[in-house]
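Input: a single structure, listed below in structure tokens.
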Amino acid sequence: MCLTLPDTLITVMGIEKVIPSWRDLEVFLQLLPRSSTGERMNPYTSMWTGATPGDGPQRFHLVLLDNGRTAALADPAGRAALHCIRCSACLNVCPVYERTGGHAYGSVYPGPIGAVLSPQLTGVEDNASLPYASSLCGACYDVCPVRIDIPSILVHLRARHVEEAARARRVPSAEAVAMAAASWVMASPARYAAAQRSAGAGGLLRRRGKIRRLPPPLSAWTAARDAPAPPARTFRDWWRLEHGGRDARE
Ligand code: SF4
């Protein structure tokens, strides 16, 4: 009815929806309903080629919308998101979407594809939480009929968000300092082993297998949840014990 009743029909379409020929449409007409609801064909596809005197709309306008799509296309790591045919298969399998629902994404496109598309169309800063709204389980990648590697794009957008936030600040955030320190520790096996040994001291704060209160700034974490207590013995110690004193790397 939306298409046949109005005198003037205005259709707004993203530029990534253009396909070369009617023959290519055949592929998508099968791919979309089968990936979405398992139907062989959907009941809502309409085709029209312009105005016909005395039948349907008498004026027809097609608006091709860019709205950030050209910028997304310029990003080699993110442009695959433009392949999306909006079938919703990734939404149906996403454990995060299943629990939060569509409105939580705060954008037109919810679910895994929304988490990679919205930041690219309207800016990472405007959608800063979306690239993190995923456990990176990869279920969306498994079901996507056009094989969009959503988990990799999510990680790419997280990196973009961190870099853009760092550029916007004069002094590094506490998180950036903590990550730089972790990177320094993990770059050396000796430093990593020493850090593991010193983490054992955290066992002093243990109460029934958990740490319920940590000193500032880590108290921000324990204010809302418990922290797991470090094990009494590290994996390396266990390995050495089990393998007659040999190091796990030998
Ligand atoms: S990303 Fe893939 S699975 Fe998700 S809606 Fe788009 S085409 Fe479907």
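In each ligand, atom 1 is the first atom listed, and ligand 1 is the first ligand listed.
- With salt bridges taken as basic N to acidic carboxylate O contacts below 4.0 Å, none links Glu163 and Arg160.
- Between the side chain of Asn42 and the backbone N or O of Thr45, at least one donor-acceptor pair lies under 3.5 Å.
- Comment: Arg197 does not engage Asp237 in a salt bridge, judged by the lack of any side-chain N to carboxylate O separation of less than 4.0 angstrom.
- With ligand atoms numbered from 1 in the order given, ligand 1 contributes 7 (S) to contacts under 4.0 Å with heavy atoms of Val146.
- Residue-ligand proximity, Ile113 to ligand 1, at heavy-atom distances under 4.0 Å covers atoms 1 (S).
- Looking at atom 8 (Fe) of ligand 1, its nearest protein heavy atom turns out to be Cys87 SG, 2.3 Å.
- Each of the atoms 1 (S) of ligand 1 lies under 4.0 Å from some heavy atom of Ile148.
- Cation-pi geometry between Arg225 and Trp221 is met: under 6.0 angstrom from the ring centre, within 45 degrees of the axis.
- Taking the six-membered ring for Trp and thresholds of 30 and 60 degrees, Trp238 and His243 have ring planes more than 60 degrees apart, a perpendicular arrangement.
- Residue contacts with ligand 1, taken as heavy atom pairs separated by less than 4.0 Å, involve Ile85 via backbone and side-chain atoms alike.
- Taking 4.0 Å as the cut-off between side-chain N and carboxylate O, Glu16 and Arg86 count as a salt-bridged pair.
- Under 4.0 Å from ligand 1, the heavy atoms of Ser88 that appear belong solely to its backbone.
- Looking at Asp66 and Arg69, no side-chain N of the basic residue comes within less than 4.0 Å of a carboxylate O on the acidic one, giving no salt bridge.
- At a threshold of 2.8 Å, atom 4 (Fe) of ligand 1 has no backbone or side-chain N, O or S atom of Cys84 nearer than that distance.
- Considering only non-hydrogen protein atoms, atom 2 (Fe) of ligand 1 sits nearest to Cys144 SG, 2.4 Å.
- Heavy-atom separations between Pro145 and ligand 1 include at least one value shorter than 4.0 Å.
- Each of the atoms 1 (S), 3 (S), 4 (Fe), 5 (S) of ligand 1 lies under 4.0 Å from some heavy atom of Cys90.
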